[in-house]
Amino acid sequence: MTMCFCATVLTVGIQAQDVSIYLDESKPLEQRVEDALGRMTLEEKVAVIHAQSKFCSPGVARLGIPEVWMTDGPHGIRPEVLWDEWDQAGWTNDSCIAYPALTCLAATWNPEMSLLYGKSIGEEARYRNKTVLLGPGVNIYRSPLNGRNFEYMGEDPYLAARMVVPYIQGVQQNGVAACVKHYALNNQEVNRHTTNVIVDDRALREIYLPAFKAAVQEGKAWSIMGAYNLYKDQHACHNQYLLNDILKKEWGFDGVVVSDWGGTHNTEEAIHYGLDMEFGSWTNGLSNGASNAYDNYYLAQPYLKLIKEGKVGTAELDDKVRRVLRLIFRTSMNRQRPYGSLCSEAHVDAACRIGQEGIVLLQNRNQVLPIDLTSVQRIAVVGENALKMMTVGGGSSSVKVKYELSPLEGIRRRVAGKAEVVYARGYVGDPTGEYNGVKSGQDLTETRSAEELVAEAVELAKTADYVIFVGGLNKSAQQDCEDSDRQSLELPYDQDTLIEALAAANPRLVVVNISGNAVAMPWVDRVPAVLQTWYLGTEAGNALASVLVGDVNPSGHLPFTFPAKLEDVGAHALGEYPGVPRQDGSGLVDERYNESIFVGYRWADRQKKVKPLFAFGHGLSYTAFEYGKVRIDRKEMKADETITLTVPVTNVGQRAGAEVVQLYIRDVKSTLPRPVKELKGFRKIMLAPGETQEVSFVIDSESLRYYHDGQQKWVAEPGKFEAVVAASATDIRGKASFMLME
Ligand code: BGC
């Protein structure tokens, strides 16, 4: 009896309770936002738009609105850090799966891999209770010296756009916001806080913005991170042109603009020029007399003071807060969001598959690869990168992994019982291994001289059936690392000498280049096989071994050009890299992108005499593909019509394999100069031996357009066009001409 009575009282209590609109998920988002906004005090509003710790901003505790927790990104979930420090907090439950670096993801040319990547890393972020994942990055690969290219998706705006959208969708399915970075024109690390980029509107619109636009309009990213550099003399984190005019007004972005850490410089500009949330401002020297250095952020007390003195109104503040509330309702206040998972078997599998699909077989003379384990007794593995942990270092993308399987260990495991594996270090690169308190735990100290190391490796190479040299760059300063750029295109640590010596010692040499950037290969004619394997994360060793022995047929293709030398890159031939310091005492550095739209293959295509070492889109397979005749369904189209192009592709080899069929468009005659051709479509297809598939592309007038800076709009100029079907930017397999009619 008593129980029954209680239940009745309880039901009546709940019914009588008034559910506030902002808490009612059945109400439209904007209504909830307005309701919450209306309940907040001025102080509460100012509080939610800036950090309260390294990676966290306050919610509204009084209203049950939670804090916002950010995390790097973009290759794994960063370990927890101390409240006001970069150093890891030393938790024992924050190890993650490291996914392959974004260059590798782009090299898969497979949007399904992007979705899998986003979904998997999003699940880890969700499990770790993060609101925002700081990634992915889509800054265009302009120079092979950029220390952060490994975190981005290559040199082509179309490829980057197609690959970024599913990543975002995968992350956000988990109720975790993606934060696309670094918007915009952050194409180098040297002088990253002081470089004022001077770029024409065509290059801005055609090269540097499309991936961000796709991220916002198609991926529906809930947040975006401003870049450190300046554009039109304003820092990108508070920039009238990039943030207010283009991102918010033109593209209709309704999410949050987050500053890069320390990218905010001025309260007035931050108020008026589009920044919504301030993070990572340097607190040194700002904290005098304040209880908390965060109160002194540009968008904290200084903002409140201006409002209280009546010097600025609250319209901008309300807009910022609305955006923050929208973000919170979409993420942590979405009761339907899944719970996520960490280091699951599915995540390990995803990391491995993405790595396998992204590895690029650059060269394979005499079919040296794959290694036939039935006829091999001894494999010599040489090189520091065969055992060096690559997930520690490189800057903010550094992680604390559950484990990282090295190339050497992966090869050992795969060939166990079939062949003996011997190892020689060969060279010493970077024996350190610590980032923000996360230690690799490896002791890579070496006392022998360079000559002794080479001699040992060569002796070993002579005794082996195969030599696998694993070298390249690493994640230390001036390599593939944030906050500095490389000093040259050459491989560091005199690896070229070692490679030449190994090539002379054994004809079955495979060079495995681990990097996120192109490197010079002066020895390329003397080395039969070259693999580009990126930073593969947790499953590095397994992914590499599976390709070496042919369990997996490589199908990665380059997302950027490998130039033969630095001067073959537009940014270096014409551009002002790394910029020209101003003489006005401002400390700013102007950098003109004189090469304009001619970035990557767009530049290489124009050069009559120089050929790239390996072209954009290049990637071999253990099988071969033949392209049949290109057909188009009509020869003429109007602006509102489309043309369908079809090409049959056949696997003419003995193994199943995947090919990336690429479609480039060439504008035969145009008023303004245009690239020789531009990527406008690609499809990755899997073919059994002997199988043929017809691949179709629909060409619409959008693929024919360029940005007319005089008219400030996109223009598709009537006239003759060519559809170019290719296996890389220099391996053209078929063409068809058509007309765009008035
Ligand atoms: C990087 C960002 C990163 C942030 C937080 C900055 O130095 O540029 O990419 O997300 O730090 O770690």
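Order of appearance sets the numbers: ligands from 1, and atoms from 1 within every ligand. On a predicted model such as this, the values are computed, not experimentally measured, just so you know.
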**Request:** Using the six-membered ring wherever Trp is involved, compare the ring planes of Y117 and Y99 and label them parallel, tilted or perpendicular (cut-offs 30° and 60°).
**Result:** tilted
**Message:** Using 30° and 60° as the class boundaries, would you call the ring planes of F55 and W86 parallel, tilted or perpendicular?
**Reply:** perpendicular
Numbered atoms of ligand 1 (with element) below 4.0 Å of [X], judged on heavy atoms:
| X | answer |
| --- | --- |
| R78 | 12 (O) |
| R148 | 1 (C), 2 (C), 8 (O), 9 (O) |
| K181 | 2 (C), 3 (C), 9 (O), 10 (O) |
| S396 | 1 (C), 2 (C), 3 (C), 9 (O), 12 (O) |
| L134 | 10 (O) |
| H182 | 2 (C), 8 (O), 9 (O) |
| R192 | 7 (O), 8 (O) |
| F55 | 5 (C), 12 (O) |

**Request:** Measure M70 to ligand 1 on non-hydrogen atoms and call it side chain, backbone, both or neither using the 4.0 Å cut-off.
**Result:** neither
Tell me whether [X] reaches ligand 1 (any heavy atom closer than 4.0 angstrom to a ligand atom).
| X | result |
| --- | --- |
| E482 | yes |
| K54 | no |
| M225 | yes |
| F279 | no |

**Request:** Check each of T71, D72, V258 against atom 5 (C) of ligand 1 and report the one with the nearest heavy atom.
**Result:** D72
**Heavy-atom side-chain contact between V258 and K181 under 4.5 Å** = no
**Request:** State whether a side-chain donor-acceptor pair under 3.5 Å links Y403 with E539.
**Result:** yes
**Asked** Is a side-chain donor-acceptor pair under 3.5 Å present for N139 with N187?
**Response** no
**Asked** With the threshold set at 4.0 Å, does a side-chain nitrogen-carboxylate oxygen contact exist between R326 and D276?
**Response** no
**Request:** Decide whether an N or O pair under 3.5 Å exists between W86 and ligand 1.
**Result:** no
**Message:** Show, in sequence, the C-alpha distance, side-chain angles and deciding distance for Q188 and N146, and conclude whether the side-chain hydrogen bond (donor to acceptor under 3.5 Å, both in side chains) test is met.
**Reply:** CA-CA 5 Å; Q188 68 193 49; N146 179 9; over 6 Å; no
**Prompt:** Once you round to the nearest 0.5 Å, how far does CD of Q217 lie from CD of E250?
**Reply:** 8.5 Å
**Asked** Does the separation of the ring centres of F616 and W109 fall below 6.0 angstrom?
**Response** yes
**Complete:** The residue among K54, Q88, R128 that forms side-chain hydrogen bond (donor to acceptor under 3.5 Å, both in side chains) with E80 is R128
**Request:** Could you check atom 6 (C) of ligand 1 against the protein and tell me its nearest heavy-atom contact, residue, atom and distance included?
**Result:** D260 OD1, 3.0 Å
